[in-house]
Amino acid sequence: MVHGSEKEQPHGPLEWIMANGGRFAISLFVPIVTFVVMWQVFIWLRDSHASKPIIAIVAIIWGVGGVALLFVVSNWVVEQLPMKWMKVLQPYVFVGPALAILAWYLAIPTVRSLILSFYDASGINFIGLDNYVFAFTDKAMLESFRNNILWMVVGTSLSVIFGLLIAVLADRSKFETIAKSLIFLPMAISFVGAGVIWRFVYFYKPPGQEQIGLLNAIVTAFGGQPLGWLTIRPWNNFLLIIILIWLQTGFAMVLLSAALKGVPGELMEAARIDGATEIQIFFWIIIPCIQGTIVTVSTTILIATLKIFDIVFVMTNGLYGTEVMASQQYKQMFKFQHFGRGSAVAIILLIAVIPVMIYNLKQFRQREA
Amino acid sequence: MGNANSLRQQRLISDILVNGGLFLLCFIWTVPTFGVFVSSFRTRDDISQTGWWTIFTNPATITTLNLENYNNVLTGKEYVYKSPSGDERREKGPNLSQSFMNSLTVVIPATVIPILIAAFAAYGFAWMRFPGRKMFFVMVVALLVVPLQIALIPVLRDYTKLGLNGTFLAIWLAHTGFGLPLATYLLFNYISQLPRDIIESAFIDGASHFTIFIRLILPLSTPALASFAIFQFLWVWNDLLVALVFLGSKPDVSVLQQQLQNLVGTKGQDWHLLTAGAFITMFVPLVVFFSLQRYFVRGLLAGSVKG
């Protein structure tokens, strides 16, 4: 409410048209002009034969500078207008580009994907719900649903449990910082990098040869037969989920550890004096105190597991019964060129996150009120 | 006395349990990475014939560790190997240095652009009044958890029409779009909490919104900007899906993750290439992560769910 209030809005139909036209123009026109200029330069850059590093540097400066310039120029234009118009239009200088990009990349694609999901592979013929019928009857799709549920339930719960366990242990240890850093480290590693690391753990060589994969080396050291871990249905799914747990536990630990520090010490002290055991304290005091954080962490990991793609793509490419929804979508898009089915899978993913979306909006409303 | 002693004993036991458990978990968590790290310095034949733990069971082999694998994956030169049976094999390294450059070219603008756009928007939502303010911000909150899969096909179609597929601009804008809801939301939370007095007194001194934003808000928001920057940096650097879809498989634009994934696909048995390649892709994020961990944790605590 610092500058310009809702009461200063223009009156009269002509002014209304001018104000909204101006808002629209500032929100869209300026970003579009910027985009067109940037786009043309990029086409030119792509086709030019300058040396690679020079193209890279020019591209970076052009890209970042172009966006900065967009704000400077559009603000300058608006500041040249009479005071009244400036007040009406300036907010859109600030939020316009963000809204335009959000609309292009997320809001409108939601509608477009929904529409596409009712069309055939080419996107020309309307086929009603056929793509959804396919999604809920096809063998590979059903398998990917089952696997996704496995990922969501097992991956999320174990990440949270391990995160909580480590947070509690670290809280009582002198080595808190270093332990947390080690557990946290995989968060910086990509799914592909993690894939390489774990492929090496699960690596299989025929019996008789020296095993170089850690898991088979341990198995053979105890006299067992080496196994091709990633090909054993359905257990290979759990082996892939372990990679996710390895990556996500650090995330859960950091948030839960911060929440643990907020549990009032007097409360635990009082319980101890009353003779409560540590386990009772954990379940009856600590858990209820950090409930909110547990919900947040679980939801975040749940959404990540819902969209899981890279691990499966790198480790098994969906073979041996490890397909998940996102890898199915990718296959429908690029392997089968079936945009209708790909869109239907995307819509199913979207429907699955709607409860979280509603929860977020409720939280936001409460805070605003 | 006896009571104090047994208390001390109890303390000791719980100390051992806590630290022992913690050590065990940290050990399990670190071993896979450590194994690959050690392997990346071993020779081609060593990796494929003996486990990496050989350097502990047979410490003499430590002297064979070298940087050859890194050299091999970075330069893309042809290498000659002698296999144990005596015949020679020629092999071309995968040249990750080109994709290292591509990754940098993708990640810098794909981090700066969304931050810039989101910071302006966050200021607009926090300190300006305009019709639709609430509605648009509700849209931002709603888009927080929308899976990016929803956008792949429609945006890919737009890019095909515009001839943008396989350009850096395409992937910058895509990462910008997918990162914007969270960026706007996090920065809004921070910027709207800045003290009103500072901003009001700047107005009284005759500063415009633009000047206040550049001179006052941006410097004050450094912690929030830094924590989002790290998030976005790690996402973009580690992303495979968006790069696969919008950059395609052309080697002159492909990023590190794509190259590494290619290596897994085509040379899945060549552990000397995979291990060194994996560490090259991890190097930058690990440096960023450890030098800026403080901001990263702060960002995590501020709440972050990305669609």
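Order of the sequence lines fixes the chain letters, A, B, ..., with proteins taken first and strands second; residue numbering starts at 1 for each chain.
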Mind checking whether A:Phe364 and B:Phe137 have ring centres under 6.0 Å apart? yes
I want to know whether B:Phe210 and A:Trp76 have ring centres closer than 6.0 Å. no
[X] side chain near [Y] side chain, heavy-atom distance below 4.5 Å:
X        : Y        : result
B:Leu244 : A:Phe334 : no
A:Val353 : B:Pro147 : yes
B:Cys26  : A:Ile183 : yes
A:Val314 : B:Leu240 : yes
A:Val93  : B:Phe120 : no
B:Arg157 : A:Phe339 : yes
A:Arg112 : B:Asp158 : yes

Check whether [X] gets within reach of chain A through its side chain, its backbone, both or neither, counting any heavy atom under 4.5 Å.
X        : value
B:Phe279 : neither
B:Trp53  : side chain
B:Leu156 : side chain
B:Ala151 : both
B:Gln258 : neither
B:Phe213 : side chain

To the nearest 0.5 Å, what is the distance between [atom1] on [X] and [atom2] on [Y]?
X        : Y        : atom1 : atom2 : answer
A:Leu182 : B:Ile28  : CG    : CD1   : 13.0 Å
A:Gln90  : B:Phe130 : CD    : CZ    : 12.0 Å
A:Lys87  : B:Met128 : NZ    : CE    : 11.5 Å
B:Leu17  : A:Arg172 : CG    : CZ    : 11.5 Å
A:Ile348 : B:Gln149 : CD1   : CD    : 12.5 Å
B:Ser208 : A:Asn75  : OG    : CG    : 6.0 Å

Report the option among [options] that has the most heavy-atom pairs separated by less than 4.5 Å from atoms of chain A.
options                              : result
B:Leu180, B:Leu169, B:Val253         : B:Leu169
B:Phe125, B:Phe23, B:Phe168          : B:Phe125
B:Leu234, B:Thr33, B:Val112          : B:Thr33
B:Val31, B:Ile214, B:Val138          : B:Val138
B:Val141, B:Thr50, B:Ile150, B:Ile47 : B:Ile150
B:Leu22, B:Asp15, B:Leu104           : B:Leu22

Over all atoms of both residues, closest heavy-atom pair of A:Leu106 and B:Pro181: CD1-CG, 3.5 Å
Donor-acceptor check, side chain of A:Asn360 to backbone of B:Ala142, threshold 3.5 angstrom: yes or no? no
Can any side-chain N or O of B:Trp29 pair as donor or acceptor with the backbone N or O of A:Trp246 at less than 3.5 Å? yes
Derivation of the side chain to side chain contact (heavy atoms under 4.5 Å, CB included) call for B:Tyr123 and A:Val95: CA-CA 8 Å; B:Tyr123 177 84; A:Val95 299; over 6 Å; no
Can you confirm whether more than 12 heavy atoms, excluding those of A:Phe309, are under 6.0 Å from its CZ atom? yes
Could you give me the CA-CA distance, side-chain angles and deciding distance for A:Phe200 and B:Ser39, then say whether side chain to side chain contact (heavy atoms under 4.5 Å, CB included) is met? CA-CA 10 Å; A:Phe200 205 46; B:Ser39 299; 3.1 Å; yes
Given the rule in the side chain to side chain contact (heavy atoms under 4.5 Å, CB included) test, do A:Ile212 and B:Gln49 qualify, once you have shown the distances and angles that lead to the verdict? CA-CA 7 Å; A:Ile212 61 168; B:Gln49 282 157 19; over 6 Å; no
Contact leader toward chain B among A:Ser181, A:Pro186, A:Gly195, where contacts are heavy-atom pairs under 4.5 Å: A:Ser181
Option passing side-chain contact (heavy atoms from CB on, under 4.5 Å) with B:Pro32 (candidates A:Leu215, A:Val201, A:Ile243, A:Leu214): A:Val201
